[in-house]
Structures are given as C-alpha cells and as structure tokens.
2 protein chains.
Amino acid sequence: MNEEPRYKRKEDCPLTYAFALIGGKWRLPIIWALWKNEKLRYNELKRSVDGITNMVLSHTLKEMESYGLVVRKQYMEIPPRVEYSLTEAGKDLVPSLESLAKWGKAMQNK
Amino acid sequence: MNEEPRYKRKEDCPLTYAFALIGGKWRLPIIWALWKNEKLRYNELKRSVDGITNMVLSHTLKEMESYGLVVRKQYMEIPPRVEYSLTEAGKDLVPSLESLAKWGKAMQNK
DNA sequence: CTGTATCCGGCTAGATACTG
DNA sequence: CAGTATCTAGCCGGATACAG
C-alpha cells in the first residue's frame with residue numbers, strides 16, 4: 001500500500017480533522033470491534049472485521065496507532081501474541097459515534 | 001462525474017450508513033456553510049466552500065438532496081435564482097457533528 | 001501467529017469548456 | 001445565474017504471494 005498523502009496533520013477545521021482520523025473504509029468497524037471487546041489479538045480482530053485482508057488491516061492499524069486511536073501491545077512469546085485496544089482518546093470518541101449512529105438509524109427508517 | 005456506485009442505500013450498520021451520507025470531501029463543508037447561513041444561493045454557497053468547482057458542487061448537492069440532507073428551492077425568475085438549505089434531518093445532524101468537532105479539536109491539541 | 005511486498009484496478013473528484 | 005459534458009489523474013484499497 002502507498003504512503004499516506006491524505007491526512008494533513010492538524011488540519012484547520014476540527015471536524016474535518018476528526019473525519020480524516022476516523023474516515024476510510026475500515027476505521028469505524030475496527031473501532032467498533034475494539035469497543036465491544038476491550039482488547040483483541042490480531043487474528044481475532046481480523047475475524048471481527050468481516051472481509052478485511054491482512055494487508056489492509058495491518059496498514060490501517062498502523063495508521064490508527066500513529067493517530068493515537070489504538071494501542072498495540074506485543075508479547076515476546078512464541079507463537080507471537082499481539083493485542084490491540086482503544087486509547088482513551090479512542091474511547092472518548094464513542095459517544096459521538098453513538099450519536100451519529102442514532103441519526104443514521106433514523107435516516108435508514110425513512 | 002460518474003454515477004454513484006458507492007452508497008448502498010440502507011446499509012446494515014447505521015453508523016456506516018451515516019458516514020456514507022456525510023462522508024466525501026465536500027459534504028461537511030457544505031453542511032457547515034448551510035448551517036451557518038440558513039439558506040444560500042448557488043454562487044454564495046460556492047464562495048462559502050473554498051476551492052470547490054461547479055462540476056463537483058452541483059453534483060454533490062444533487063446527491064445530498066436525494067439523501068434528504070438538503071433542499072433545493074428554485075424561483076422562476078430571470079436571472080435564475082436557486083436557494084439551498086438544510087432539511088430538518090440535516091439540522092438534526094449538527095449536534096453530533098459538534099460533538100465530533102470537539103473531539104477533533106482535542107486531538108489537534110496533542 | 002502476525003504480519004509485509006508488489007502489483008493493480010476502480011472510484012472520487014478535478015480541469016476545462018460549454019449551455020439554458 | 002446556475003449549472004452540465006467530457007476527459008483525466010491520483011488516491012484508496014484489493015489480490016496474491018511471501019516472511020519472521
């Protein structure tokens with residue numbers, strides 16, 4: 001996958017910035033899975049996010065980690081174990097998302 | 001511009017659906033402009049949304065109208081006058097967006 | 001188990017010109 | 001004033017294979 005040219009860090013408008021952080025095809029499903037499960041291993045997460053490939057999952061997680069949304073914790077074991085979870089900032093996001101989801105649901109019923 | 005293959009109407013997840021409706025490069029700026037101004041003529045809106053072209057603006061507005069976010073009111077005058085405003089659903093969205101913007105602002109300051 | 005490398009296609013949106 | 005037509009480019013994300 002390419003290097004990210006998309007996300008100008010610290011964009012002027014906070015709302016646009018927020019969307020830059022959580023937009024894209026897989027970010028929301030990942031956040032949702034980690035919200036419902038607290039912490040997940042790589043393959044658990046992959047199974048929770050239906051249809052995502054290794055390529056895209058690992059790349060997306062790296063981005064989200066760099067944005068401060070996700071924590072990656074690696075255990076030095078064999079076989080390797082890596083656990084992902086939401087940062088506090090990631091959790092802070094959830095109420096806003098629930099609010100948006102509520103609106104989305106109302107829109108679906110029209 | 002192409003016909004839209006992107007937005008599966010009534011997608012399962014309400015949150016994903018919400019993002020389908022308001023995602024994309026220009027939807028948020030347009031909503032914002034119409035929120036701050038109540039109603040705007042086509043060219044006023046264009047001036048409010050910095051950098052957008054006619055092609056993209058008119059196409060985006062058509063989509064947003066079909067999604068029930070925006071109202072287009074045309075007056076039969078010469079020269080032609082067309083005013084755009086938010087629907088009730090569009091206005092209902094604003095509190096969620098403000099909540100998200102607040103989160104985005106906190107993220108910018110880190 | 002947890003990823004990375006390479007290659008590639010389709011979609012989003014832009015440039016430019018033109019119209020009722 | 002308020003758009004539309006046509007053509008194009010570049011990013012986003014996918015397929016597939018491979019690695020530590």
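Sequence lines set the chain letters: A, B, ... in the order given, protein chains first and strands last, and positions in each chain run from 1.
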Practice prompt. Take the protein atom CD1 of Ile30(A) and the nucleotide atom C1' of dG13(D), then report the distance between them rounded to whole Å.
Written response: 13 Å
Worksheet item: Can you list every pair that meets salt bridge (Lys or Arg N to Asp or Glu O under 4.0 Å) and has a residue in residues 94-109 of chain B, with sequence neighbours left out?
Response: none
Discussion item. Nearest whole Å is fine: how far is dA2(D) P from Lys73(B) NZ?
Written reply: 15 Å
Practice prompt. Take atom NZ of Lys46(B) and atom C1' of dT4(D), then tell me their distance rounded to the nearest Å.
Written response: 13 Å
Worksheet entry | Closest heavy-atom pair and its distance - Ile22(A), Arg27(A) | O-CB, 3.3 Å
Discussion item. When you measure from the side-chain N and O atoms of Trp26(A) to the phosphate of dG14(D), is any distance below 4.0 Å, counting only OP1 and OP2?
Written reply: yes
Fill in: dG14(C) phosphate, OP1 or OP2, under 4.0 Å from Lys25(B) side-chain N/O
yes
Worksheet item: Which pairs with one or both residues in residues 43-60 of chain B pass salt bridge (Lys or Arg N to Asp or Glu O under 4.0 Å), sequence neighbours excluded?
Response: none
Item to complete: Could you state the atom-to-atom distance from CZ of Arg47(B) to C1' of dA2(D) in whole Å?
Response: 12 Å
Discussion item. Using the side chain to side chain contact (heavy atoms under 4.5 Å, CB included) criterion, which residues pair with Ser96(A)? Sequence neighbours excluded.
Written reply: Ser99(B), Leu100(B)
If you restrict it to nitrogen or oxygen atoms, what contacts under 3.5 Å exist between nucleotides 2-4 of chain C and the protein, and what is each distance?
from	atom 1	to	atom 2	distance (Å)
dT2(C)	OP1	Arg41(A)	NE	3.1
dT2(C)	OP1	Arg41(A)	NH2	3.2
dT2(C)	OP1	Val82(A)	N	3.4
dT2(C)	OP2	Asn43(A)	N	3.2
dT2(C)	OP2	Asn43(A)	ND2	3.3
dG3(C)	OP1	Arg72(A)	NH1	2.1
dG3(C)	OP2	Tyr84(A)	OH	2.8
dG3(C)	N7	Asn54(A)	ND2	3.2
dG3(C)	O6	Asn54(A)	ND2	3.4
dT4(C)	OP1	Lys62(A)	NZ	2.5
dT4(C)	OP2	Ser58(A)	OG	2.9

Discussion item. Show me the pairs that pass side chain to side chain donor-acceptor pair (under 3.5 Å) and involve residues 30-43 of chain A, at least two apart or across chains.
Written reply: Tyr42(A)-Asn54(A)
Worksheet entry | Separation of atom CD1 in Ile52(A) from atom P in dG13(D), rounded to whole Å | 9 Å
For residues 79-94 of chain B, which side-chain donor-acceptor pairs fall under 3.5 Å, sequence neighbours excluded?
from	atom 1	to	atom 2	distance (Å)
Arg81(B)	NE	Glu77(B)	OE1	3.3
Arg81(B)	NH1	Glu83(B)	OE2	3.1
Arg81(B)	NH2	Glu77(B)	OE2	3.0
Glu83(B)	OE1	Tyr75(B)	OH	3.2
Thr87(B)	OG1	Gly68(B)	O	2.6
Thr87(B)	OG1	Leu69(B)	O	3.2
Thr87(B)	OG1	Ala89(B)	N	3.4
Thr87(B)	OG1	Gly90(B)	N	3.0

Item to complete: Could you tell me the separation between the CG atom of Leu57(A) and the P atom of dC1(C), rounded to a whole number of Å?
Response: 14 Å
